[in-house]
Amino acid sequence: GDSVTQMEGPVTLSEEAFLTINCTYTATGYPSLFWYVQYPGEGLQLLLKATKADDKGSNKGFEATYRKETTSFHLEKGSVQVSDSAVYFCASTYSGGSNYKLTFGKGTLLTVNP
Amino acid sequence: KAGVTQTPRYLIKTRGQQVTLSCSPISGHRSVSWYQQTPGQGLQFLFEYFSETQRNKGNFPGRFSGRQFSNSRSEMNVSTLELGDSALYLCASRDRLYEQYFGPGTRLTVT
């Protein structure tokens, strides 16, 4: 079945450091890919998405590129802030048919220190 | 637009009891999905409802059930609660672009 594997962390960085969180997927067909963020005590917020190969999703300084050849969707940010501290989830879904569900990675806890 | 709302936000139940959680989707969204989040298993899909019909179900026992009303609001029910059912239950509604928007969750504690 479909699965998503992401770097579990935890990841601890200093403010203004470069962030990479690795994510790879296995899926039948060509899924849509997402990054969600969860702040303490809250639900998940969609951070960015990509629906086909070579698409780049971006939002709030975060970027991820859909790489079909390496089945990857790594999350990057050039300069993290303390407010970026949260848990990040990579997810995939098959963009077709009437059945729809997100398959999530285990999540990566990011802590950014001032 | 108002976001996805879930009630109650926190719940404490005893083993063997049953519980009903409620979710109101974003206005205009007809699809509602439920997920269970635990530290050990992460985020797991429970089921999806669209226009009052269950269209997809995850690998959970029959004690977990749900329904959707004509106004798209959804409820999930867990009967005969077990300690392992303690989790954050997240509801999400979906638009036509396959983007799911999540509510804040209901934190269920089973003692």
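Numbered from 1 within each chain, the chains take letters A, B, ... in sequence-line order. The figures that follow rest on heavy atoms only: side chains count, while hydrogens, waters and symmetry mates do not.
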The interface call for Q6(B) against chain A, heavy-atom contacts under 4.5 Å, is neither
Could you tell me whether a side-chain N or O of Y101(B) sits under 3.5 Å from a main-chain N or O of L44(A), the two making a donor and an acceptor? no
Step by step, would you call Y35(B) with F104(A) a ring-ring contact (aromatic ring centres under 6.0 Å, His included)? CA-CA 10 Å; Y35(B) 294 82; F104(A) 287 92; 5.6 Å; yes
Would you indicate whether the side-chain heavy atoms of E48(B) and K101(A) approach each other to under 4.5 Å? no
Look at atom CD1 of I12(B) and say whether more than 12 heavy atoms of other residues, nucleotides or ligands are closer to it than 6.0 Å. no
Can you tell me if N59(B) has over 12 outside heavy atoms packed within less than 6.0 Å of its CG? no
Between F45(B) and T103(A), is any pair of side-chain heavy atoms under 4.5 Å apart? no
Below 4.5 Å, heavy atoms only, C-beta onward: do Q100(B) and L46(A) meet side chain to side chain? no
Between the CG atom in L102(A) and the CD atom in Q44(B), the distance rounded to the nearest 0.5 Å is 13.5 Å
CZ of R9(B): more than 12 outside heavy atoms within 6.0 angstrom? yes
More than 12 non-hydrogen atoms from neighbouring residues, nucleotides or ligands closer than 6.0 Å to CD on Q81(A), yes or no? yes
Examine L83(B) and L81(B) and state if one hydrophobic cluster contains both, with Ile, Leu, Val, Met, Phe, Trp and Tyr joined whenever side-chain heavy atoms are less than 4.5 Å apart. yes
Does one hydrophobic cluster hold both L33(A) and Y30(A), with members joined at side-chain heavy-atom distances below 4.5 Å? yes
Can you find a pair of side-chain heavy atoms, one from L88(B) and one from Q38(A), that are under 4.5 Å apart? yes
